Amino acid sequence: MLSNQIISWYLQNKRDLPWRETKNPYQIWISEIMLQQTRVASAIDYFNRFLEQFPTISDLAKAEEQEVLKLWQGLGYYSRARNLHTAAKTIQLEYNGVFPDSYKEILKLKGIGTYTAAAIASFAFNLPHAAVDGNVYRVLSRLYGINKAIDSTEGKKYFQAIASETMGNAIPEIYNQAIIEFGALQCIPRNPKCDICPLLANCFAHNNAQVDQFPVKSKQIKTKNRYFYYLFLSCKNRFLIEKRKKKDIWENLFQYPLIEYDKPISTNELLQTSEWKELFGNNELVIHSVSENVIHKLSHQNLHTKFIHIEMDIDKMKYGYIIINHSDISEYPFPKLIEDHLNIMNKNNP
DNA sequence: AATTCGGGGCA
DNA sequence: TGCCCAGAATT
């Protein structure tokens, strides 16, 4: 039986991962959120730090969002951290602090979709729900030669049904881990290890020399270019930041005052913009330096960025910005782009 | 149904 | 460089 073959492979090849040492639904929940669109290797340190600072649901629910985001700094997809915090407060209020133990209730929580609900339900409570993630799409599509697009509504529904069938009566908590691990280590995206695959004889993709044709995706990503001019306004050990509040990248993270333009412009042109004039008025300032163009690449955006280092009396800046000391950086969550610049400034001026 | 949300690893 | 990663929410 297929599920037994996969489980057998798993028991011989599985990795030791911190979230596999617990049945605590809270800890499993944290791991699953962190692992959304994120590699295992990237998540491990974040997982350990997070549980050290927030050992229980109650600790997380009582925290400030800013603390949660700070722990998430660098991991990306920050709505995960905001939703995690929201859901912790929901569990505290509506479930008396006890993590819900049914798929239906788990699915209601903010930031938990069908995959994560099935994962938690099976890993923590051994409930029979097939968890279908990117690994499972890849394994099943190759095994059965399924050419339905995994990013279409029809495809998702179809794969969910096939996944449930394939799971059969296998032990959910083990089977789900097994097929996911199989996809992560054995049936990997490029150059899968078919030469040592236990499912080789029954694999449609391999038997038809189409391993690189699965899974099928319909949409393709297109990237936009944005042009950021970050103003590093410093005076001795202090500088200005602001909180990003719009529904855009990095919501509720902090950054330097920003002038964004729809096309690249020179520093001289920047000085003529209405944004610049609005910002500084007649204040005296000295442009200490202008950085090289830093291209920060996100999945859907290329951020062409320059850091303008300006020395001035920052107490004369208009209301709306936060003046912080360099020693207080650890209290504010910053995007990687800003974090990198802060590290450079810190290295040059310790 | 299509778009948007980070950042890193790898051939 | 392009693709993908233990996806979900929003439009």
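All of these numbers come straight from a predicted model, not from anything done at the bench. In the text below, chain A, chain B and the rest are named by the order of the sequence lines, each starting its count at 1.
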- Query: Is a side-chain donor-acceptor pair under 3.5 Å present for A:R20 with A:S31?
  - Reply: no
- Taking atom types as modelled, is there a side-chain donor on A:N135 or A:R138 under 3.5 Å from an acceptor on the other? yes
- Message: Can you work out whether A:S299 or A:I112 has the more 5'-proximal nearest nucleotide on DNA chain C?
- Response: A:S299
- Message: Pick the closest DNA chain C nucleotide for A:L35 and for A:K247 by heavy atoms, then say which residue is nearer the 5' end.
- Response: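 Per heavy-atom nearest nucleotide, the more 5' residue is A:L35.
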- On DNA chain B, check which nucleotide each of A:E154 and A:Q37 is closest to and give me the residue with the more 5' one. A:E154
- Contact nearer the 5' end of DNA chain B, comparing A:K219 with A:L298: A:K219
- Considering only heavy side-chain atoms of A:T116, the closest of B:dG6, C:dA6, C:dG7 is C:dG7
- Task: Return the nearest nucleotide to the side chain of A:K224; candidates are B:dT4, C:dA6, B:dG7.
- Result: B:dT4
- Message: Whether A:K148 engages the ring of A:Y158 as a cation-pi pair (distance to the six-membered ring centre under 6.0 angstrom, angle to the ring normal within 45°) should be assessed.
- Response: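 That pair qualifies as a cation-pi contact.
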- Message: Ring of A:Y46, cation from A:R49 - is the NZ or CZ under 6.0 Å from the centre and inside 45° of the axis?
- Response: yes
- Touch class at under 4.0 angstrom, heavy-atom based, for A:D248 against every strand present: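 Result for A:D248 = sugar-phosphate.
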- Message: Rounded to whole Å, how long is the line connecting atom CD1 of A:I249 with atom C1' of C:dA9?
- Response: 17 Å
- Item | Whole-Å gap separating P (B:dC10) and CZ (A:R190) | 10 Å
- Ignoring backbone atoms, test whether A:R138 places a side-chain nitrogen or oxygen under 4.0 Å from the OP1 or OP2 oxygen of C:dC5.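 Yes, A:R138 has a side-chain N/O under 4.0 Å of OP1/OP2 on C:dC5.
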